[in-house]
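In this chain, residues are counted from 1 in sequence order.
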Amino acid sequence: MSQYLENLSTRIQELLGDKVRNARLALGELTVELAREDLAQSCLALRDDAACRFEQLIDLCGVDYLEYGDGAWTGPRFAVVYHLLSVSLNQRVRLRVFLDDDAPVLASVNDVWSSANWFEREAFDLYGIIFEGHPDLRRILTDYGFVGHPFRKDFPLVGLVEMRYDADRQRVVYEPTSTEERNNVPRIIREEPNLHG
């Protein structure tokens with residue numbers, strides 16, 4: 001298995017050359033790190049090369065590395081991870097592109113794999129990652145008036161307003177929260193051991 005992945009890693013590095021920033025084999029999986037500006041061209045090459053044939057984009061997701069590992073992380077804050085599959089050659093690869101701005105922007109791969117359409121919209125909605133060239137980049141999981149990106153690690157978990165659908169007005173309304181803060185730390189009560197027999 002590892003020889004097979006090493007061969008695939010070698011082929012991808014030959015194909016993409018200096019566009020590959022890092023290629024790592026771990027836990028039986030190959031992860032290739034690319035520069036932001038090389039992503040679209042590299043994806044096209046990985047799809048069309050006879051030894052790679054990654055015809056399908058299985059998944060695309062955003063990652064927020066804010067304070068990753070208890071503040072030990074000094075790298076870029078965001079990344080986009082692509083999972084590619086070659087059905088004809090029965091092989092997989094993971095691509096990762098780091099983005100280091102608060103308003104991360106990356107080229108859309110919708111022209112390479114049409115399945116990227118909804119995945120990119122989801123990453124935009126939840127992480128605020130903007131995909132340039134996407135045909136219809138808008139929210140899909142949160143409300144049309146929603147502010148912020150809920151999968152960012154600095155997104156507030158407690159707020160002063162809550163959202164609900166008002167049937168009388170036939171629209172979503174925001175109101176002050178009706179919840180009370182509570183302590184969710186479990187209370188542990190231990191029974192005294194019976195020392196007297």
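Using a 4.5 Å heavy-atom threshold, the side chains of Y174 and V147 count as separate. No side-chain heavy atom of I129 sits less than 4.5 Å from a side-chain heavy atom of F124. Contact of the V81 side chain with the L95 side chain is not registered, since no non-hydrogen atoms from C-beta on lie closer than 4.5 Å. The side-chain heavy atoms of P150 and L126, taken from C-beta on, include a pair separated by under 4.5 Å. Residues C52 and I12 have side chains in contact (heavy-atom distance under 4.5 Å, counting atoms from C-beta outward). By the 4.5 Å heavy-atom criterion applied to side chains, E120 and V109 are counted as neighbours. The shortest side-chain heavy-atom distance between D100 and F78 does not fall under the 4.5 Å cut-off.
Within the model, atoms CG of L57 and SG of C43 stand 8.0 Å from one another, a figure rounded to the nearest 0.5 Å. Taken from CG in D59 to CG in L85, the straight-line distance is 12.0 Å, to the nearest 0.5 Å. Remark: F151 CZ to T142 OG1 distance equals 10.5 Å, nearest 0.5 Å. To the nearest 0.5 angstrom, K19 atom NZ is 16.0 Å from E33 atom CD. The CD atom of Q91 lies 4.0 Å from the OH atom of Y4; values are rounded to the nearest 0.5 Å. Taking CD of E67 as the start and CZ of R77 as the end, the distance is 9.0 Å to the nearest 0.5 Å.
Between the side chains of R24 and T31, no donor-acceptor pair is found at a separation under 3.5 Å. For the residue pair S115 / Q56, no side-chain donor-acceptor distance below 3.5 Å is found, with atom types taken as modelled. Between the side chains of T10 and E6, no donor-acceptor pair of N or O atoms lies under 3.5 Å.
Summarising the geometry of S88 relative to R53, their closest heavy-atom pair is OG-CD, 3.3 Å, with the distance given to 0.1 Å. What you find for R11 and D49 is that their closest heavy atoms are NH2-OD1, 2.6 Å. For V97 against R36, the heavy-atom pair with the smallest separation is CG1-CA, 3.6 Å. Of all heavy-atom pairs between L39 and Y82, the closest is CD2-OH, 3.1 Å. Taking each heavy atom of E55 and W113 in turn, the nearest pair found is O-CD1, 3.2 Å. For the residue pair S86 and F54, the shortest heavy atom distance occurs at N-CD2, 3.6 Å.
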### Task
Assess whether side chain to side chain contact (heavy atoms under 4.5 Å, CB included) is satisfied between H83 and E29, documenting all intermediate values.
CA-CA 11 Å; H83 293 105; E29 298 176 350; over 6 Å; no
### Query
Given the rule in the side chain to side chain contact (heavy atoms under 4.5 Å, CB included) test, do L34 and V20 qualify, once you have shown the distances and angles that lead to the verdict?
CA-CA 5 Å; L34 300 170; V20 174; 4.3 Å; yes
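Around the CZ atom of R92, the shell of radius 6.0 Å holds no more than 12 heavy atoms that belong to other residues, nucleotides or ligands. Within 6.0 Å of the CZ atom in F98, the count of heavy atoms belonging to other residues, nucleotides or ligands exceeds 12. Surrounding CD of Q13 are more than 12 heavy atoms belonging to other residues, nucleotides or ligands, all under 6.0 Å away. Sparse packing is recorded around CG of N90, with 12 or fewer heavy atoms of other residues, nucleotides or ligands lying under 6.0 Å away. For CD of E175, the number of neighbouring non-hydrogen atoms (other residues, nucleotides, ligands) closer than 6.0 Å is greater than 12.
Using the six-membered ring where Trp is involved, W73 and Y65 have ring planes that are parallel, under 30° apart on the 30 and 60° scheme.
A donor-acceptor contact shorter than 3.5 Å links the side chain of R152 to the backbone of Y127. Using a distance-only test at 3.5 Å, with no hydrogens or angles considered, a donor-acceptor pair links the side chain of R47 to the main chain of V112. Side-chain atoms of R121 come within 3.5 Å of backbone N or O of R138 as a donor-acceptor pair.
Transitive grouping of hydrophobic side chains (ILVMFWY, heavy atoms separated by less than 4.5 Å) brings I140 and F131 into a common cluster. Note on L25 and L15: same hydrophobic cluster, where clusters join Ile, Leu, Val, Met, Phe, Trp and Tyr whose side-chain heavy atoms are under 4.5 Å apart, directly or indirectly. Both L137 and V105 belong to a common hydrophobic cluster when Ile, Leu, Val, Met, Phe, Trp and Tyr are linked at side-chain heavy-atom distances under 4.5 angstrom. A single hydrophobic cluster is seen to contain both V80 and L44, as judged by linkage of ILVMFWY side chains at heavy-atom distances under 4.5 Å, directly or through other members.
The pair D125-R139 counts as a salt bridge, with a side-chain nitrogen and a carboxylate oxygen less than 4.0 angstrom apart.
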